[in-house]
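One structure is given below, encoded as structure tokens.
Positions are given from 1, in the same order as the sequence printed here. All ligand and atom numbering here is 1-based and tracks the order in the structure.
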Amino acid sequence: MSPPKILVFAGSIRTGSFNARLAALAAKELALAGADVTRISLEDYPLPIYDGDDEAKSGVPANARKLREMMAAHRGVFIASPEYNASVTPLLKNTIDWISRARERGEPPLAVFKGRAFAVGGASDSPYGALRSLMALRQVLELGCGALVLPEQITVFHASEAFDDMDNLKDECAAASLKRVVVRLTEAAGEIL
Ligand SMILES: Cc1cc2nc3c(=O)[nH]c(=O)nc-3n(C[C@H](O)[C@H](O)[C@H](O)COP(=O)(O)O)c2cc1C
């Protein structure tokens with residue numbers, strides 16, 4: 001049986017982003033758990049802020065269609081979500097909104113969010129480690145898009161101190177949490193195959 005394909009990205013394109021580091025570490029752990037991992041940066045898929053008039057005039061942008069295709073080609077998705085004002089970043093929400101508008105001819109709305117498993121994690125310098133962002137992201141993915149989001153998640157608190165020189169998590173509990181998320185996502189994506 002071929003290894004489950006899992007897509008990984010972060011909701012930040014900031015230089016030195018903690019969540020990009022978390023996404024990179026999750027990708028490494030997913031590969032160790034036996035997944036076939038694709039890690040992308042949203043920097044490579046710039047999108048305008050969603051505007052219904054633009055969509056009516058010009059359709060869904062090519063980058064949103066590419067991201068939809070990328071998601072469709074994977075059975076698992078890991079998103080590292082930063083926290084802005086107790087919610088997800090505009091970059092991440094806008095990306096999900098555009099993907100939710102991109103669909104193949106004849107495909108029901110939001111079909112690309114079904115038939116695959118999502119897992120979420122977040123890193124922030126606060127003591128809560130982007131926890132509120134993950135709650136907001138669950139609302140968007142589960143209630144908004146009808147996605148299956150696994151209950152296991154990883155929160156990295158005091159993120160500026162959390163990673164060692166090799167970009168591994170210093171805290172054993174956090175490292176164990178990440179491994180649990182990764183193993184569960186790999187299993188779930190494999191079951192969907
Ligand atoms: C507009 C804005 C709002 C923020 N709000 C929160 C917040 O509610 N909770 C939090 O923990 N950090 C908050 N932060 C700090 C971010 O979590 C921090 O900048 C983090 O490094 C962003 O993730 P990144 O490192 O992946 O870019 C906020 C930052 C910005 C720019």
Side-chain angles (χ1 to χ4, degrees), residues 6-32 35 37-51 63-64 66-67 70-71 74 76-100 118-145 147 149-182 184-185:
I6 298 186
L7 180 67
V8 176
F9 64 91
S12 169
I13 56 172
R14 184 179 72 82
T15 304
S17 159
F18 301 133
N19 288 279
R21 289 166 84 180
L22 178 59
L25 182 56
K28 186 174 88 173
E29 294 288 350
L30 281 161
L32 289 172
V37 184
T38 310
R39 179 162 61 97
I40 60 169
S41 168
L42 296 182
E43 192 169 13
D44 297 324
Y45 301 86
L47 289 165
I49 292 287
Y50 180 83
D51 176 342
N63 279 339
K66 280 186 201 162
L67 286 166
M70 189 90 71
M71 210 179 261
H74 292 76
V77 182
F78 178 87
I79 303 176
S81 176
E83 180 168 299
Y84 281 8
N85 295 319
S87 190
V88 297
T89 56
L91 171 69
L92 181 54
K93 181 63 164 57
N94 190 54
T95 299
I96 294 171
D97 288 346
W98 268 123
I99 293 172
S100 76
F118 288 75
V120 296
S124 115
D125 232 358
S126 86
Y128 307 110
L131 178 64
R132 297 173 303 175
S133 149
L134 300 190
M135 292 162 69
L137 182 56
R138 284 181 181 280
Q139 173 161 329
V140 172
L141 291 172
E142 290 175 349
L143 296 182
C145 301
V149 185
L150 300 174
E152 294 82 2
Q153 62 184 23
I154 165 77
T155 53
V156 178
F157 54 88
H158 300 316
S160 59
E161 305 291 327
F163 295 90
D164 67 17
D165 293 344
M166 301 291 285
D167 264 356
N168 291 311
L169 289 168
K170 291 183 201 165
D171 182 69
E172 280 178 22
C173 287
S177 280
L178 178 60
K179 279 193 199 301
R180 271 195 298 277
V181 173
V182 154
R184 189 65 200 99
L185 180 58

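- Judged purely by atom type and a 3.5 angstrom limit, R138 has no side-chain atom pairing as donor or acceptor with the backbone of L143.
- Short contacts between ligand 1 and N19, defined as distances under 4.0 Å to a heavy atom of the residue, involve ligand atoms 23 (O), 24 (P), 26 (O).
- With a 4.0 Å cut-off on non-hydrogen atoms, A86 touches ligand 1 through its backbone and not its side chain.
- Of all protein heavy atoms, the one lying nearest to atom 11 (O) of ligand 1 is S124 OG, 2.7 Å.
- Listed for the T89 side chain is a donor-acceptor partner under 3.5 Å among the backbone atoms of G11.
- If you check which protein heavy atom lies closest to atom 22 (C) of ligand 1, you get P82 CB, 4.0 Å.
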Handout entry: Steps toward side chain to side chain contact (heavy atoms under 4.5 Å, CB included) verdict (V181, F78)
Key = CA-CA 9 Å; V181 173; F78 178 87; 4.0 Å; yes

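- When atom types are taken as modelled, the side chain of N94 and the backbone of Y50 share a donor-acceptor pair closer than 3.5 angstrom.
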Problem - L32 and V182: CA distance, side-chain angles, deciding distance, side chain to side chain contact (heavy atoms under 4.5 Å, CB included) verdict - result: CA-CA 9 Å; L32 289 172; V182 154; over 6 Å; no

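- By the definition of a contact as any protein heavy atom under 4.0 Å away, atom 19 (O) of ligand 1 is not in contact.
- Contact atoms of ligand 1 toward R132: 7 (C), 8 (O), 9 (N) (distance under 4.0 Å to a heavy atom of the residue).
- When all heavy atoms are compared, the tightest approach of V37 to A31 is CG2-N, 3.7 Å.
- Ranked by closest heavy atom to atom 15 (C) of ligand 1, the top entry among R21, E83, R14 is E83.
- K93 contributes no side-chain N or O that, together with a main-chain N or O of V88, makes up a donor-acceptor pair within less than 3.5 Å.
- You'll find the side chain of F9 reaches within 4.5 Å of the side chain of V77, heavy atoms only.
- Within ligand 1, the atoms closer than 4.0 Å to a non-hydrogen atom of S126 are 11 (O), numbered from 1 in the order shown.
- Ranking the protein heavy atoms by distance from atom 24 (P) of ligand 1 puts S17 OG, 3.5 Å first.
- For ligand 1, the polar-atom distance check against Y84 finds no nitrogen or oxygen pair separated by under 3.5 Å.
- The protein non-hydrogen atom at the shortest distance from atom 5 (N) of ligand 1 is N85 N, 2.7 Å.
- In terms of polar-atom proximity, defined here as any N/O pair under 3.5 Å, F18 does make such a contact with ligand 1.
- Summary of contacts: the protein heavy atom closest to atom 27 (O) of ligand 1 is S12 OG, 2.7 Å.
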Which atom pairs, one a donor and one an acceptor, fall under 3.5 Å between side chains of residues 38-45 and the rest of the protein, sequence neighbours left out?
{"unit_1": "T38", "atom_1": "OG1", "unit_2": "H74", "atom_2": "NE2", "d": "2.7"}
{"unit_1": "S41", "atom_1": "OG", "unit_2": "E43", "atom_2": "N", "d": "3.1"}

